[in-house]
Each structure stands twice: as C-alpha cells, then as structure tokens.
2 protein chains.
Amino acid sequence: MTRTATASLASAASAAEDVTRVAVSTVIFSLRRDPGSDCSTVVLPLVRRTRDPHEGLWALPGGWLDIAESLDAAASRTLGETTGLAPSYLEQLYAFGAVDRSPTRVVSIVYWALLRPDEVEGSKDLENVEWFDAASLPRLAFDHNEIVEYALWRLRNKVGYSRIAHGLLADEFTLAELREVYESILGRRLDPANFRRQVEGSGTLLPTDRFRTGSHRPARLYRYNRDVELADLGPLAGFVRKGSS
Amino acid sequence: MTRTATASLASAASAAEDVTRVAVSTVIFSLRRDPGSDCSTVVLPLVRRTRDPHEGLWALPGGWLDIAESLDAAASRTLGETTGLAPSYLEQLYAFGAVDRSPTRVVSIVYWALLRPDEVEGSKDLENVEWFDAASLPRLAFDHNEIVEYALWRLRNKVGYSRIAHGLLADEFTLAELREVYESILGRRLDPANFRRQVEGSGTLLPTDRFRTGSHRPARLYRYNRDVELADLGPLAGFVRKGSS
DNA sequence: CCAAAAGTGTTAGACGTACACCCATGG
DNA sequence: CCATGGGTGTACGTCTAACACTTTTGG
C-alpha cells in the first residue's frame, strides 16, 4: 500500500506519491531604479527549474522542509541555498495546498521577503537565478504566478498601514528615496510636502547630520528608528523573532 | 534509518516519527449574549483530546489533511467531523510549524471561522465538545493557546477594515445588534448615532420593512447586502471560494 | 406620564489633499 | 541667475468623536 520505505530516504526531495510533502518557498521583493526615469520598479529573483516537474520554467526559490527545522528557518535556509540572499524582512504569506498544484501532493508554505539594495549582492554570480520585473512575469512553474500576485497584493496593502517600506532601503536614505519606494509599490505619485509631514510626524525616522549631495539642494539623510517594530505582527511577534534570529 | 514502512499505514493519524505530517485546525468564533447584561462575549468550541499527546486537555477542532483534498476542504471537513458545525465564514489564518510543538513533527495549517447564532445548533449534543469564553481559556493542548490569541488579534484587526462582523449575525438584525458585535470584539462602546451613519453610508446594508419589537421603540431590521464581498481576500478570492463551496 | 432605546442634527477637532511659497545648490 | 528639487506654510474638504435633541414604544 505504501512505498515510503524505499522512497522517503535521505533527501526529502525524492518522490513519494502517497505522502503529502511540505515545501517552503519565498517571494523576494526588491526595487530596481529605472535608468533615466526617476521611479523604480518592483523586481524579484526566480530560479530556473532543473528537474522534472516544469523543468526549464522559472520558479520561486524554495525547497523541502527539513524534519528538524521550523518553517521560518526553512524559508531562510532554502532561499539562501538557491539564491544566496539573506533578506532583512521575512514573513509568512500563505499556505497553498490545492491537490493538483503539483504532480505529487505538495503543500507549500510560502513566505515573502524584502531586500535592501545593499543586500542584493550575492545572487549576481549564481547560475539559474535571474531578476524579473514583477509586473511582467513569464509563465512560472506550478501555481507560482498566482502566488506572486497574492504577494504583490499583500505588499501593496501592508505598505499602507505599516513601515515595511524601510525593508527596501539602505540604512540611510533621503525622504525622496523613501517616497519613491512608496510610489513604486502603490503605483501613484505622492505629494512630497504631505509625505514629509506624515512620515516625520510618525516618529519612525531619526534625522542624521549627513546630507545627500550631487543633485541640487542637498537632502537630509534619515535613519530608521529601530525602537519601533517594522510591522505589527500581533501576538506572533516574539514567536517569529524566535524562529528567524 | 526510517520506520515508515510499518508506521505510516492506513490512517494518517498513526504516529510516524520521521515524517512531517500536515494537520488542519480551525478557531471557530461565535458570540454568546451575556444574560442580564446588554453585551456579548466571544466564545469558541473546543474538543477534548482522547488520545495520547495531551490526552484530556482541550484542543482546537481539526484533523489530518487527506492526500486528496485541498486545505480549505480539509478545514471544512475536520471541523464538521469534530464539532458538527458548518461556519458561514472560513479563512486561512497561519501555518504553525515549530519543531517542538508536538511530540512528532506536525505542521498545522490553521483556519479561523465565524459562526452565526443560528448555525450554533449541532454542536450541542456532541460529546467532548464544549464552548469556552475566548477571554478566559484553560491551558490547551499543543500551542493552541497562542494560536487562539493570534486568531483573536486577527479578528479584532479585520473587524476594523472589513465587514466580517456580519458573519456573526443572523440574516436579519437591528443596528443595535450589529453594533453589539463590534463592541464585543473591540472591547469598547461605540456611539450609536455615529455607528448608524457609518454603516448606513457604506452601502453594505439593505433596510427591510420589518421591525424588531419587544423592548421600547421598534428597531428596523436590516439585511446583509450580498452584492458586496464579506472581506477583501485579494487575488485569492476565487481560489478560496473554489475550495470551500 | 416616564424611562429607555431608536433615530436625527450639529458642532469641534483631526486628518488628508492640494497648492502656493521660500531655500539652497549645480550648472 | 536660473532651473530644480528640498523644505515650509496654509487653506479647504472629509471624516470622526461628542453630545444635544426628537421620536416611539413598554410599563
């Protein structure tokens, strides 16, 4: 009745048709400045599949859940192994478990992550990893197109009521740069004056003595106030930190 | 190395120490009117465990994910089997996968549900099912106390920006009853006048010609406008409906 | 008639939006 | 000196909280 005795040895990646396996994938968002234009686009790294289900197609970075690691740890590990990245922000997105989403039964716990521009290094030299514009993706393996859509929806939603935009910026940044993050995600221009007041009044930014020069009038550099949490995770906050730190 | 050949036969509920199994649990919320007082409290049904891990303790209704059913279907099925309930609102909450949350490795996909007062019938006659005040729970099995806390946080959050409160009311209701739902969940009183204007202006309610009599001045009964979705589920909306309908 | 809840009106403050305006620097 | 983005001030409409007020029933 079961074939697990021979199939589920060592690597959990081996196929076992009568067992539900748990995978972990991550949608990693970052921003890329459009050359010439003064706006950015949302980009994400994908991995080209080298094995049978959907071989050759692009897919989200991920892998199998190890029996001795938490879901958070599995997300960090698998995205590091496949892309070499270590995002500053990582949060669970959704569990996908339609029966027909893969030839064998796979439940995917999907995470989403934000990457600061200085963290993007490391995925450059890797084979089979490429960055795509989130707005114009090719056909992806499995149900990964829908997953990315959902992650984008969550990103746009959450940027409105939390401070996750900081997860896409380096330590020091100007208000114009922060505003550009919001504009890229929301897809509309924001009033610079009102944006300044809004974000300054929230107490989440610390002004520095340094300025960004190069263009016209120098712009003050701000720093992220780490006393305030990046996003309200609710009662799971300690739980999540425990797993990922 | 593996013992699965003997362990993972037939019922997925049998223990298999070297396989990660997937369970599905649901936090079911409903409201119970406090006798005498004019406010309600959030209550939820729990199931007494009759097997080894945490035998005798109360736990969330749930069960093992079948290999041929989606996560949504598993949530509906398992909560029906254990409590006899069929909630009007069901949404995925979070996937819990700490290594030590159970003696054997179990990843739980947890859902949360809302139950209208007329749907509560059915769990009454069942053995080993009891309703508890959400604010004062006993020690539960596994990590279910944390899970309920998180579900309550989500409920309080979501009631602010969506219309899920209707998932806790019968078809026809007065504005006072709807307001009482919000007050119970948010834990504070709301101004009747402002509440009326807010909810009337949102276009989510349809006034009927019927009135609720009995107390002082009769109150108009309203009906939920089904043209508007209960909650914004994003790109997953169709996905979720497909699974649970 | 009176208490109490249903329902209406009005006001003051908070907040978001639009936009006019000064400031400072590179060219 | 001028174009451009940094930064400030201000006025207007919307939304919300607070509360006075009228209406309609049960007792």
Side-chain angles (χ1 to χ4, degrees), chain A residues 33-40 156-157 159-163 165 169-170 172-223, chain B residues 33-40 156-157 159-163 165 169-170 172-223:
Chain A
R33 275 199 74 87
D34 293 341
S37 167
D38 60 341
C39 58
S40 300
R156 278 189 277 261
N157 254 19
V159 86
Y161 65 87
S162 79
R163 317 181 311 126
L169 282 179
E172 295 190 335
F173 48 87
T174 68
L175 288 184
E177 288 165 353
L178 179 61
R179 177 167 48 87
E180 194 180 319
V181 173
Y182 278 86
E183 288 176 343
S184 308
I185 295 172
L186 298 176
R188 61 188 169 94
R189 315 296 289 189
L190 301 174
D191 186 299
N194 298 329
F195 182 81
R196 162 183 299 276
R197 268 186 296 264
Q198 226 170 301
V199 77
E200 269 184 339
S202 70
T204 59
L205 290 191
L206 298 174
T208 70
D209 295 335
R210 293 161 44 79
F211 287 82
R212 172 140 308 160
T213 180
S215 59
H216 304 281
R217 173 172 170 177
R220 182 180 293 277
L221 288 172
Y222 286 81
R223 178 180 291 280
Chain B
R33 275 198 73 87
D34 293 341
S37 166
D38 60 340
C39 58
S40 300
R156 276 188 279 260
N157 254 21
V159 86
Y161 64 87
S162 79
R163 317 181 314 123
L169 282 179
E172 296 192 335
F173 48 86
T174 67
L175 289 184
E177 288 164 353
L178 180 60
R179 177 168 48 87
E180 194 180 318
V181 172
Y182 279 86
E183 289 176 342
S184 307
I185 295 172
L186 297 176
R188 62 190 169 93
R189 315 296 290 191
L190 301 174
D191 186 299
N194 297 329
F195 182 81
R196 163 182 300 274
R197 267 185 297 263
Q198 226 171 298
V199 77
E200 268 184 341
S202 70
T204 60
L205 290 192
L206 298 175
T208 70
D209 295 334
R210 294 160 43 77
F211 288 81
R212 172 139 309 160
T213 180
S215 60
H216 305 281
R217 174 173 171 177
R220 183 180 292 278
L221 287 172
Y222 286 81
R223 179 179 293 280

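In the text below, chain A, chain B and the rest are named by the order of the sequence lines, each starting its count at 1. Remember, predicted model here, so these are calculated numbers, not experimental data. For the numbers below, each heavy atom of this structure counts, side chains included, while hydrogens, waters and symmetry mates do not.
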Looking only at side-chain atoms of [X], point me to the closest of [options].
| X | options | answer |
| --- | --- | --- |
| B/Arg197 | C/dG7, D/dC19, D/dT10 | D/dC19 |
| A/Ala193 | D/dG7, C/dG7, D/dG9 | D/dG9 |
| B/Arg196 | C/dA6, D/dG6, C/dA18 | C/dA6 |

Can you work out whether B/Ala176 or B/Asn194 has the more 5'-proximal nearest nucleotide on DNA chain C?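 Mapping each residue to its closest nucleotide by heavy atoms, the 5'-most match is B/Ala176.
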Take atom [atom1] of [X] and atom [atom2] of [N], then tell me their distance rounded to the nearest Å.
| X | N | atom1 | atom2 | result |
| --- | --- | --- | --- | --- |
| B/Gln198 | C/dT8 | CD | P | 16 Å |
| A/Leu175 | C/dC23 | CG | C1' | 16 Å |
| A/Glu200 | D/dT8 | CD | P | 6 Å |
| B/Leu190 | D/dA18 | CG | P | 11 Å |
| A/Glu180 | D/dG6 | CD | P | 10 Å |
| B/Leu186 | D/dA17 | CG | P | 11 Å |
| B/Leu178 | C/dA5 | CG | P | 18 Å |
| B/Leu221 | C/dG7 | CG | P | 10 Å |

Hey, is the main chain of [Y] close enough, under 3.5 Å, to the side chain of [X] for a donor-acceptor pair?
| X | Y | result |
| --- | --- | --- |
| A/Arg220 | A/Thr208 | yes |
| A/Glu200 | A/Leu205 | no |
| B/Ser40 | B/Ser184 | no |

Tell me which of A/Arg220 and B/Arg188 sits closer to the 5' end of DNA chain D, going by the nucleotide each one is nearest to.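 Nearest-nucleotide comparison on DNA chain D picks A/Arg220.
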Contacts under 3.5 Å, N or O only, protein and nucleotides 22-27 of chain D:
| residue | atom | partner | partner atom | Å |
| --- | --- | --- | --- | --- |
| D/dT23 | O2 | B/Arg217 | NH1 | 2.6 |

With no angle test and no hydrogens, is the base of D/dA17 tied to the side chain of B/Asp191 by a donor-acceptor pair under 3.5 Å? no
Whether A/Arg33 and A/Glu180 form a salt bridge (side-chain N of Lys/Arg under 4.0 Å from carboxylate O of Asp/Glu) is what I want to check.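 Salt bridge: yes.
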With B/Glu177, which of B/Thr174, B/Leu175, B/Val181 fulfils side chain to side chain contact (heavy atoms under 4.5 Å, CB included)?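 Among B/Thr174, B/Leu175, B/Val181, the one that satisfies the side chain to side chain contact (heavy atoms under 4.5 Å, CB included) with B/Glu177 is B/Thr174.
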Quick one: pull up OH in B/Tyr222 and CG in B/Leu169 and give me the separation to the nearest 0.5 Å. 14.0 Å
Got a second to check how far B/Phe173's CZ is from B/Arg179's CZ, nearest 0.5 Å? 13.5 Å
